[in-house]
Amino acid sequence: MMKAPFHVYSVLLLALAVSLTSCSQQNATTVLEGNAAELTYVAPGEYDEFYAFMSGGYSGQITAYGLPSGRLLKEIPVFSVYPENGYGFSEESKPMFNTSYGFVPWDDSHHIELSQTDGEFDGRWLFVNGNNTPRIARVDLTTFETVEILEIPDVAGLHCAPFITENSEYLVSGTRFSVPIPQADVPITSFKENFKGLINYVAVDQESGEMSLAFQIEMPGFNYDLARNGKGKSHGWSFLTTYNSEQAHTLLEVNASQKDKDLLAIIDWKKAEEYFKAGRGTERTTSYYHNQLDESSGIAASTEMTTTTILDPAELPDMVYFIPVPKSPHGCDIDPTGEYIVGNGKLSADMSIYSFDKLMATIEAKDFDGDINGIPILNYESGLHGILKKPGLGPLHTEFDGKGNAYTTFFISSEVVKWDVEKLEILDRQSTFYSPGHLTIPGGETKKPFGKYLVAMNKITKDRYLPTGPELAHSAQLFDITGDKMKLILDFPTKGEPHYAQAIPASMIQPNSKKFYAIEENTHPYASLGEGQAKVTREGNQVHVYMTAIRSHLAPDNIEGIQMGDEVYFHLTNLEQDWDVPHGFAVQGANNAELLVMPGQTKTLKWEPFRPGVFAFYCTDFCSALHQEMSGYVRVSPKGSDVELVWGLNDENKSAQTSR
């Protein structure tokens, strides 16, 4: 009888696991009995205890949820244009999407990283990666707005990103898909000869949060999957899982799963920093973009960067090492003490836990089992703390509660397993519904986890919610982990496909939340800092409308003399100085988006008339009892018409300033 291919067995195993967990749906009610509703209830007018920030996956955005309620608080636009508020459509925000590939208005966001000080969350910034067009973004947590996006050059698929060091010195990332560096027209079959990977270190300014690409480390052409940086005793080291050590380039499902083990990369980043500062790297010409938003003007600027520094481990010793890890690994996680490193193999029945002290002793003793491209391979047994035997099927990710316990998701057996890190003993297991990927515990990757809740982010929803056609919302499940046993207390649907999340006490962010922008600090060149500054000007075929918004009218609200072929720029300044009173702006026939302008801000919508006539514009955000009256008209005449360009409010028309 012909033996079925390996990948067929994988699919059958997954299908069986999902089927079994679906059949055990009736058991979910027993898990949810008792005071689950009370544990997640947040009374009207009261606040959640934690913010949970989730990556949006293929939406390219970030979502902010409250815990324990599971309420969606905000979707933060990052890598994808967002018509709801004009992000990516307003003239000010368009430069945020510039890349070496041109204007790229979408991406696939995967991993969230909150800024840290001394290994603990500090509540200042939030970082996230763009997987497809390799980028890292920074969100300012006083405004919940994306203020910076940095492209990472010469990598393909920035899945392994943007993992932060203990004091936010660096964001560490690795290429998912190795490619020729620099790019070249070579046969794909020359993968082993011509394809390379890069590990990237992005420096973070400790005061402003501004990012800059410090250096890149050239690595063998593997797939670099996920990473963590050391903490405490292991601070100064990075640990990255890799798969496809076979260096296959087709049907990876089979051909990248041939070896019994893959490799965990271990990088002494302080040594790499020394080499970089000593000028031991090679500078190479390239192209990537750095996009930043100026808060006072609200205008983004885009700068092309043209050089990068490459460090070669073959020429720079004592910087990079490998150690074997169970085959096809995914997660890489480090306990709060910095001593234990968890390396999971998706296709392994066991989990390997490494000891940092033993790894350092192995390096000191030069206890190596050969090398790859000059990079030493540490002896596997010498670096192990131990092996967690048969914990479940398909281990993916691990976080910690600060009490000596670890929690790991198992994709195939659809469960979260609690285990003792020191003793390597299973303590508890609870079903999830279904097939969890990442999980998060508030502070679970830091030196001091808060350890109250666990959120499992599941990939398959099936029968958890009312059906919505073939595509269902993804499921997040909240567990109470304060007792010896985990208790499932809430299901809530999520936007996009959250890959990872981090949760932080609301008390670390809420007091610093910005309520409005001070109008006197607005430096936008087209701002109108009072209704008396409203006007219309013409510069050739460009018409600039200096418009103000305040409850409940726009000024001007009547404009005549626009001609076909004109480019009209509506610069709307929101004069409000009150919390939560944005104004919107839309004009009939606009083919981009609307604007949503926060109190004290100025934003610009470009409008190109499509036919002569009189067209309405209005405020899109319900702001007062007379919101419906907050509107106006713009008249468009044929090109060459003698209709004077005038503007007005309350029948007091004024001539525009014109220069041709």
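Nothing fancy with the numbering, it's 1 onward along the sequence.
If you take OG on Ser168 and CZ on Phe121, they are separated by 10.0 Å, rounding to the nearest 0.5 Å. The CG atom of Asp401 lies 10.5 Å from the OG1 atom of Thr482; values are rounded to the nearest 0.5 Å. In this structure, OG1 in Thr362 is found 8.5 Å from CE in Met360, a value given to the nearest 0.5 Å. Between the CD atom in Gln258 and the OG atom in Ser328 there is a gap of 10.0 Å [rounded to 0.5 Å]. Taking CZ of Phe177 as the start and NE2 of His249 as the end, the distance is 15.5 Å to the nearest 0.5 Å. The distance from atom CZ of Phe322 to atom CD1 of Ile375, rounded to the nearest 0.5 Å, is 4.5 Å.
Under a 3.5 Å cut-off, the side chain of Asn344 and the backbone N or O of Leu396 do form a donor-acceptor pair. Judged by distance alone, the side chain of Lys418 and the main-chain N or O of Asp484 form a donor-acceptor pair under 3.5 Å. At distances below 3.5 Å, not a single donor-acceptor pair connects side-chain atoms of His438 with backbone N or O atoms of His111. Side-chain N or O atoms of Asn131 include one that pairs as donor or acceptor with a backbone N or O of Leu158 at under 3.5 Å. Checking side-chain atoms of Ser178 against main-chain N and O of Phe222 turns up a donor-acceptor pair under 3.5 Å. Arg280 places no side-chain N or O within 3.5 Å of a backbone atom of Ala278 that could act as its donor or acceptor partner. Remark: side-chain polar atoms of Asn200 are not paired, donor with acceptor, to backbone N or O of Gln216 under 3.5 angstrom. Although no hydrogens or angles enter the test, the distance criterion places a donor-acceptor pair under 3.5 Å between the side chain of Lys327 and the main chain of Ser257. Ser190 places no side-chain N or O within 3.5 Å of a backbone atom of Asn194 that could act as its donor or acceptor partner. A donor-acceptor pair under 3.5 Å links the side-chain atoms of Gln430 to the main chain of Met486, judged by distance alone.
Contact between Thr307 and Thr286 at its shortest, heavy atoms only, is C-CG2, 4.1 Å. Looking at every heavy atom in both residues, Gly57 comes nearest to Asp108 through C-OD1, 3.1 Å. Closest of all the heavy-atom pairs between Ile217 and Ala272 is CD1-CB, 4.2 Å. Across Val78 and Gly60, no two heavy atoms sit closer than the pair CB-O, 3.6 Å. Residues Ser100 and Ser287 share a closest heavy-atom pair of CB-O, 3.6 Å.
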Output, in order, the C-alpha distance, side-chain angles, deciding distance and verdict of side-chain hydrogen bond (donor to acceptor under 3.5 Å, both in side chains) for Asp357 and Ser355. CA-CA 5 Å; Asp357 288 342; Ser355 159; 5.1 Å; no
Go through Leu439 and Phe479 one step at a time and tell me if the side-chain contact (heavy atoms from CB on, under 4.5 Å) criterion holds. CA-CA 11 Å; Leu439 76 164; Phe479 291 83; over 6 Å; no
After noting the C-alpha distance and the side-chain angles of Ile152 and Val202, does the key distance pass the side-chain contact (heavy atoms from CB on, under 4.5 Å) rule? CA-CA 9 Å; Ile152 307 299; Val202 170; 3.7 Å; yes
Test Ser234 against Glu339 for side-chain hydrogen bond (donor to acceptor under 3.5 Å, both in side chains), laying out the working first. CA-CA 7 Å; Ser234 54; Glu339 166 63 11; over 6 Å; no
What's the verdict on side-chain contact (heavy atoms from CB on, under 4.5 Å) for Tyr51 and Met508, showing C-alpha distance, side-chain angles and the deciding distance? CA-CA 9 Å; Tyr51 286 101; Met508 297 183 68; over 6 Å; no
In sequence, state the C-alpha distance, the side-chain angles, and the governing distance for Asn255 and Glu246, and then conclude on side-chain hydrogen bond (donor to acceptor under 3.5 Å, both in side chains). CA-CA 7 Å; Asn255 296 323; Glu246 296 86 351; over 6 Å; no
Walk me through whether Phe239 and Leu359 qualify under side-chain contact (heavy atoms from CB on, under 4.5 Å). CA-CA 12 Å; Phe239 304 86; Leu359 290 174; 4.0 Å; yes
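Using a 4.0 Å cut-off between charged side-chain N and carboxylate O, Asp122 and Arg124 make a salt bridge. Lys271 has a carboxylate O that lies under 4.0 Å from a charged side-chain N of Glu274, or vice versa, which qualifies the two as a salt bridge.
Side-chain contact between Cys332 and Ile341 is present, with heavy atoms from C-beta onward closer than 4.5 Å. Side-chain contact between Asn167 and His235 is present, with heavy atoms from C-beta onward closer than 4.5 Å. Using a 4.5 Å heavy-atom cutoff, the side chains of Ile372 and Ile377 are in contact. With a 4.5 Å cut-off on side-chain heavy atoms, Leu213 and Met305 do not count as touching. Residues Leu240 and Phe163 form no side-chain contact, since every pair of their non-hydrogen atoms from C-beta on lies 4.5 Å or further apart. When side chains are defined from C-beta on, Leu252 counts as touching Asn244, because their heavy atoms get closer than 4.5 Å. Residues Trp419 and Pro391 form no side-chain contact, since every pair of their non-hydrogen atoms from C-beta on lies 4.5 Å or further apart. Glu169 is not listed as a side-chain neighbour of Val204, based on a closest heavy-atom distance of 4.5 Å or more.
With 3.5 Å as the limit, one finds a donor-acceptor pair spanning the side chains of Ser245 and Asp262. For the residue pair Tyr380 / Asp369, no side-chain donor-acceptor distance below 3.5 Å is found, with atom types taken as modelled. Donor-acceptor pairing under 3.5 Å is lacking for the side chains of Thr432 and Ser414. Side-chain atoms of His159 and Asn129 form no donor-acceptor pair, as typed in the model, at a separation below 3.5 Å.
Among His330, His110, His397, the one residue that satisfies the ring pair (Phe, Tyr, Trp, His ring centres under 6.0 Å) test with His499 is His110.
Lys233 forms no cation-pi arrangement with Phe356, by the criterion of a distance under 6.0 Å to the ring centre and an angle within 45° of the ring axis. Cation-pi geometry between Lys452 and Phe50 is not met: the NZ or CZ atom fails to fall both under 6.0 Å from the ring centre and inside 45° of the normal.
Enclosure of atom CG in Asp205 by more than 12 non-hydrogen atoms of other residues, nucleotides or ligands within 6.0 angstrom is indicated. Within a 6.0 Å radius of CD in Gln183, more than 12 heavy atoms belonging to other residues, nucleotides or ligands are found.
Legend: side-chain hydrogen bond (donor to acceptor under 3.5 Å, both in side chains) pairs involving residues 440-450, not counting sequence neighbours, sorted by first then second residue: Gln116-Glu445, Asp118-Lys447, Arg228-Glu445, Glu445-Gln502.
In this pair, Trp269 and Tyr201 present their aromatic rings tilted. The plane angle is within the 30 to 60° band. Below 30°, between 30° and 60°, or above 60°: for Phe191 and Phe195 the angle between ring planes is below 30°, a parallel geometry. Ring geometry, Phe215 versus Phe276: the interplanar angle falls from 30° to 60°, so the pair is classed tilted.
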